[in-house]
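Below is one structure. I have some questions about it.
In what follows, residues are counted from 1 in the order of the sequence shown. This is a predicted model, so every value here is computed, not measured.
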Amino acid sequence: MTPAPEHHPALSATDPELARLVGAEERLQAETLRLIPSENYVSAAVLEASGTVLQNKYSEGYPGRRYYEGQQVVDQVESLAVARAKAVFGVDHANVQPYSGSPANLAVYLAFAQPGDTVMGMALPMGGHLTHGWGVSATGKWFRGVQYGVRQDTGLIDFDQVRELALAERPKVIFCGGTALPRTIDFAAFAEIAREAGAVLVADVAHIAGLIAGGAHPSPVPHADVISTTTHKTLRGPRGAMLMCREEHAKAVDKAVFPGLQGGPHNQTTAAIAVALHEAAQPSFRDYAQAVVANAKALAEALLARGFDLVSGGTDNHLILMDLTGKDVPGKIAAKALDRAGIVVNYNTVPYDPRKPFDPSGVRIGTPSLTSRGLEAEHMAAVAEWIDRGVEAARKADEDALAAIRAEVVDLMAQYPAPGVPVA
Ligand code: DSN
């Protein structure tokens, strides 16, 4: 599909091939039911800010202390983003320069550990993140990563294991948070263990930052030494990241980001982060965060009623992890079939998964994107029905059934325009 030229006039004139691809992506994002819990739709204002002439400027350093001249405006942009981050999250210090979540976490290691030191985080197959010391990541190669998990019987974080491991291994840094955790993170429990073990506690809240900003998840601020987050998930900002901390750690964090790890910040992203934080400070964002959780809970209930096995038995946040073992369909087969049905999910390992990570038993879903389009709890029965029919169609390799679901999905999505996505 070619986008209407008025949406991207310069791009269409200069590079019609690329313009066609942008149009195709716009159509995909408009037509499909996007359930990947780490994705969202940014507002038109965030989108505009990230495509500005701020792109053209080099700004190594920090406001008032740059290695390049001509920072009269960029300094104000970055200071505004920092001030808004501090206000929204109630923190002493914020660094808005990390390019994304992995570089942000690398900067944390650089600030608080030496190569070869022991670091601790949740194992990736249990719901952690690669950068929490997992072996294939630089963080597991350059540091000695020790990993905790969830209990097999409850699917909840095993705090006995966390404490035993922390006291036995004395890690320099403990990460809490992850990518497939459907339940509230008990930051206070982690902080107590980190204190006992003499470790720096890092709360990686990338998935739930928007819920924290909107009061729909407890804040790590009173408990964590450092808070790491991406800005593009529930926070609904551009692809970027932030590190926040108490004043005592501010210098170490700033030095680690620049000059420790990165060069010039992406000023167009900083501007878009500032806009997203402005949006997150509005009362309507609190409504959004509450609605994300209400939708996820309603969807979990509807899936449970249809016989789906959910890790931990449900959700407290924006995310649901389905174990499809009982449905007799591997996660990857189900995810690919659902994609053909217009329902975009990702296949995912479940805790204690007997299958391999590239062909696991689970599918991970979430409600940030559909909530941004205005879908409400009352729609979740239909969403669960589509997922149920899609998984059954995957099992039977029934392409007609998938096509029928896709037509219904496209129909509903047309009634709920996606923020920032031009209608063709
Ligand atoms: N890749 C992100 C996610 O999907 O959860 C985490 O970095």
Lys/Arg-Asp/Glu bridge criterion (N-O < 4.0 Å) met for Lys86, Asp92
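Looking at Lys86 and Asp92, the cut-off is not met.
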
Answer yes when Arg183 and Asp316 have at least one side-chain N-carboxylate O distance shorter than 4.0 Å, and no when they do not.
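Judged by the 4.0 Å cut-off on N to carboxylate O distance, Arg183 and Asp316 do form a salt bridge.
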
Look at the aromatic rings of Phe190 and Tyr148 and report parallel, tilted or perpendicular, splitting at 30° and 60°.
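Rings of Phe190 and Tyr148: tilted, 30 to 60°.
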
Take the angle between the ring planes of Phe175 and His132 and call it parallel below 30°, perpendicular above 60°, tilted in between.
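Judged by the thresholds at 30° and 60°, the geometry between Phe175 and His132 is parallel.
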
When rounded to the nearest 0.5 angstrom, what distance separates OG1 in Thr349 from CG in Leu124?
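Those atoms lie 6.5 Å apart.
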
What's the separation between atom CD in Glu39 and atom NZ in Lys233, rounded to the nearest 0.5 Å?
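Result: 10.0 Å between the selected atoms.
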
Taking Arg163 first and then Glu196, would you say they form a salt bridge - that is, a charged N and a carboxylate O separated by under 4.0 Å?
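The answer is yes: the pair qualifies as a salt bridge.
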
Quick one: side-chain hydrogen bond (donor to acceptor under 3.5 Å, both in side chains) pairs with a partner in residues 289-299, sequence neighbours left out?
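Qualifying pairs: Asn295-Thr371.
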
Between Asp158 and Arg151, is there a salt bridge with N-O shorter than 4.0 Å?
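Looking at Asp158 together with Arg151, the answer is no, because their closest N to O distance does not fall below 4.0 Å.
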
Does Arg355 come within less than 4.0 Å of Asp353, counting only side-chain N to carboxylate O?
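Not counted as a salt bridge, because no side-chain N and carboxylate O are separated by less than 4.0 Å.
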
Ring of Tyr41, cation from Arg236 - is the NZ or CZ under 6.0 Å from the centre and inside 45° of the axis?
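The answer is no, since Arg236 fails at least one limit relative to Tyr41.
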
Polar contact flag, side-chain donor to acceptor under 3.5 angstrom, His93-His249
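Their side chains do not contain a donor-acceptor pair, so the 3.5 Å distance test is not met.
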
Can you tell me how far apart CG (Leu370) and CD (Glu376) are? Round to the nearest 0.5 Å.
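Leu370 CG to Glu376 CD: 11.0 Å, rounded to 0.5 Å.
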
How long is the span from the OG atom in Ser12 to the CD atom in Glu17, to the nearest 0.5 Å?
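Between Ser12 OG and Glu17 CD, I get 13.0 Å after rounding to 0.5 Å.
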
Could you tell me whether the side chains of Gln29 and Glu25 share a donor-acceptor contact shorter than 3.5 Å?
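Short answer, yes.
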
Judged by atom type as modelled, is there a donor-acceptor pair below 3.5 Å linking the side chain of Ser312 to the main-chain atoms of Leu156?
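No, Ser312 side chain to Leu156 backbone: no donor-acceptor pair under 3.5 Å.
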
Could you give all pairs that pass the salt bridge (charged side-chain N to carboxylate O under 4.0 Å, His left out) test and reach residues 126-146, with sequence neighbours left out?
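Every salt bridge (charged side-chain N to carboxylate O under 4.0 Å, His left out) pair that includes a residue of residues 126-146, provided the two are not neighbours, is Arg144-Glu169.
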
In Å and rounded to the nearest 0.5 Å, what is the CD to OG distance from Gln71 to Ser59?
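These two atoms lie 4.0 Å from each other.
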
According to the interplanar angle, ranging from 0 to 90°, do the rings of Phe143 and Tyr109 count as parallel (below 30°), tilted (30 to 60°) or perpendicular (above 60°)?
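Ring orientation of Phe143 relative to Tyr109: parallel.
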
